Structures are given as structure tokens and as C-alpha cells.
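Note that the structure is predicted; figures quoted are calculated from it, not measured. Order of appearance sets the numbers: ligands from 1, and atoms from 1 within every ligand.
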Amino acid sequence: MADTKKRSLDSDNGTESGPEKKLASGDGAGKDTKKPTADPGSEAGSVLAGFQTEKIMRESSREKNIFIHGKMGSGPNEGRDAVLILEKTPFREDSLAELFKTSELKLQMRNDIYSTYHLHPPTHLNDIKATMVCPATEKHIKKYQSQELFLIQESGEDYRNITLPYIQEQSFSVQWVYNILEKKAEADRIVFEDPDPQNGFVLIPDFKWDQKQLDDLYLIAICHQREIKSLRDLTREHLPLLQNIQQQGQEAIMKRYSVPSCRLRVYLHYQPSYYHLHVHFTVLGYEAPGCGVERAHLLSDVIQNLQTDTQHYHTRTLTYPLRADDALLHKLREAGRF
Ligand code: G7M
């Protein structure tokens, strides 16, 4: 069995490596992002130079990340709203020897057998993952703000009467998804593709994963069919698609990363952020955001539920969390459903 903790991708034969491109195209806040940047890596420095912080939306010293709302300082998006997420990347075992050899070490204090230091590694060993959404809509800005969560029990009827009209009106653009399917963005990152229009999909690293190590492995499978919004649309007729994603997705991950299916958590979100069907593949042991029981539905359970009852996701009450400021929560409250 693969020991994902001990492996780093740059050091593995036949696995993905190379410099991670930062500041990749946004998630399609509008039509502006239809032409993705050819080489997003090259713009990084200048893009951030004039970035003006408006508000720190969230910060975690434990997770070593910070979510910033700001305005772009220069370039084609000057003055526009942006969300910038900065995150310290995990340590890589294969670079420890180099880290010890090349870093500057400054003693902070010494007491008996105890000492603490400031370690200053060379730049290439001191990465910060930066994710930018620009131009960011109000919905994006809200998405990253810390908020109290409330659990919703949504019946099939609630979905049709309240949720569906709401998502048809208000959901995030899925332009970034179409860019991937049409090879207009991230084409060089595709791990596997089954081009079949009915049952095919593209398997690609999630943009939360920097692909430098396997202990936070995170890929998404995006189906070629464009009409399936979420779990709620699934019936027995989608079983070949779901089984195909499960089987070929797991095989592709085994082939590329040597992570076997028994080490993978394969699931869908309900509610998702983006209403184009996609499946998450994360490695067990990594607590990926959104992998909790209140949001993640294991693909193998989804398949079984549909085998038992084709109407399962049309009729069943589904439970999920919504943020206090979510407009859907207000709609459900107005309708007396919360
Ligand atoms: O199920 P839900 O809609 O919440 O998940 C969408 C997933 O897509 C998340 O895990 C995001 O990190 C990922 N994602 C979002 N965007 C905008 C991109 C993108 O542009 N590229 C890639 N590769 N993943 C994305």
C-alpha cells in the first residue's frame, strides 16, 4: 500500500512534478475570464505589487492561511474587487536535507536542553500558495467570510420550490469548468480524460492542491455532460456515468500517484458551490474542507441509493449547512422552512 505521508511528488518517477503555477485564472466571476491567461505563473509578482487590502475576512494561525478581500492595484483589473488566499504549504520530506543545509538559523532562546530558533530557508523552499479570484463578485467575498452555520433539512419539494429557482438565478458562473472541458484552461494539468459525451469526464487536480506532496491529494472529476447541476438531478440513468467516474478515476489516480482506491475518499458535495456535476477525490487522513458528514456524500453510497430507488435524490430530505448570510437561508426562512 502506498505510504502517502512519506512521498513527495517531485521526487517520484512517473508522477506529476514541476513548478506549481500560481494565480491561475479565476473561477469565472464574469465573462472577463473567458480568455484564460496562457501562463498565469509569469504574472504573479506584478499582480500583487499594488494589491490593496480592504479586509481580512478570515485567518487561522493553526491552518496557516489568511483570506483577504482587496482591490487590484494595477493591470487590466485595476480597482476591481479581489479575493486573495495565502496559505503556507506543507513540509516536504524530500527537501529536508536541503532545508537543513541551506537555511540560515538564528537562535531565539536557549534554556537548559531547550532552544528555539528562527529558520530562514531559501526562497524555493519557502513557498506560499496564493489563490486569487478576480474580479470577485459579492457572492465570492461572502463565501470566504467567517460566518455562523445553520443546518438545513431540505425536502424534495423545498428543492423544487425554493432552492432550484434560487440557484438558477444566483449560482456562481461555471465558466472555469467549461474552460477545463474545452481545454481553454488548465489543459496541461489534466490527469485523465474519458472524452465520451455521455459518460466521460476530465480528472484534474483541485486548485486547493499544490501537487507537491500526496498527503493532501485532491482531484476533481468534471463530467462532460452539462445538464446535471447536482446530486438532486441524479437518477438511475446516470449510473453508468457515476460508475465510470468512480472506476476510471480511481484507476487513473493509482496509475499516476500510486494511491490505491482504499486510500481515497470519493464524494460529491450537497450543496456544491458550482452547479455542474463534479466528484471530489481526496486522500484519507487529509481533512479536506467540506469532507464532513453534513456536506459530503460518498459516491459509492450515491450509486447504491440510486440502484435501490431511482427517485432517491428527487424525493429524500437532504441535510446541509448554510451560512448565516446566505440568501438561500433567507428564502427558506421566508417560506417558513427554517
Ligand atoms: O463541490 P464544490 O462545488 O464545493 O467544489 C468545487 C471544487 O472545485 C472545490 O474543491 C474548488 O477548490 C475547486 N475549484 C474551484 N475553482 C474555481 C477551480 C478552478 O478554477 N480550477 C480547479 N482545478 N479547481 C477549482
Does [X] approach ligand 1 within less than 4.0 angstrom via side chain, backbone, both or neither, non-hydrogen atoms only?
| X | result |
| --- | --- |
| Leu268 | neither |
| His276 | neither |
| Tyr274 | both |

May I ask you to list the atoms of ligand 1 that are less than 4.0 angstrom from any heavy atom of [X]?
| X | result |
| --- | --- |
| Ser273 | 2 (P), 3 (O), 4 (O) |
| Lys208 | 9 (C), 10 (O), 11 (C), 12 (O) |
| Pro272 | 1 (O), 3 (O) |
| Ile220 | 8 (O), 24 (N) |
| Tyr218 | 10 (O) |
| Glu186 | 19 (C), 20 (O), 21 (N), 22 (C), 23 (N) |
| Arg189 | 23 (N) |

Is the count of non-hydrogen atoms from other residues, nucleotides or ligands lying under 6.0 Å from Arg316 atom CZ greater than 12? no
Looking at Gln108, I want to see if its CD is surrounded by more than 12 non-hydrogen atoms of other residues, nucleotides or ligands under 6.0 Å. yes
Non-hydrogen atom of [X] closer than 4.0 Å to ligand 1:
| X | answer |
| --- | --- |
| His280 | yes |
| Tyr275 | no |
| Arg295 | yes |

Contact (N/O only, under 3.5 Å) between Phe207 and ligand 1: yes
N/O of Pro205 under 3.5 Å from N/O of ligand 1, yes or no? yes
Atom pairs and distances, side-chain donor-acceptor, residues 279-296, under 3.5 Å, sequence neighbours left out:
| from | atom 1 | to | atom 2 | distance (Å) |
| --- | --- | --- | --- | --- |
| His280 | ND1 | Tyr218 | OH | 2.7 |
| His280 | NE2 | His269 | ND1 | 3.3 |
| Thr282 | OG1 | Arg265 | NH1 | 2.8 |
| Arg295 | NE | Gln271 | O | 2.9 |
| Arg295 | NH2 | Gln271 | O | 3.1 |

Please step through side-chain hydrogen bond (donor to acceptor under 3.5 Å, both in side chains) for the pair Asp81 and His69, ending with a clear verdict. CA-CA 7 Å; Asp81 282 300; His69 168 210; 2.7 Å; yes
Intermediate values then yes/no, salt bridge (Lys or Arg N to Asp or Glu O under 4.0 Å), Glu63 and Arg58: CA-CA 11 Å; Glu63 288 167 25; Arg58 205 195 307 170; 5.6 Å; no
Check whether any side-chain N or O of Asn77 sits under 3.5 Å from a backbone N or O of Arg80 as a donor-acceptor pair, and report yes or no. no
When Lys64, Lys212, Lys88 are each screened for salt bridge (Lys or Arg N to Asp or Glu O under 4.0 Å) with Asp127, the one that passes is Lys212
Can you check whether Tyr159 and His314 have ring centres sitting under 6.0 Å from each other? no
Write out all pairs satisfying salt bridge (Lys or Arg N to Asp or Glu O under 4.0 Å) with one or both partners inside residues 166-182, taking only residues at least two apart or from two chains. Glu182-Lys184, Glu182-Arg226
Can you tell whether the side chains of Asp210 and Lys129 come within less than 4.0 Å, N to carboxylate O? no
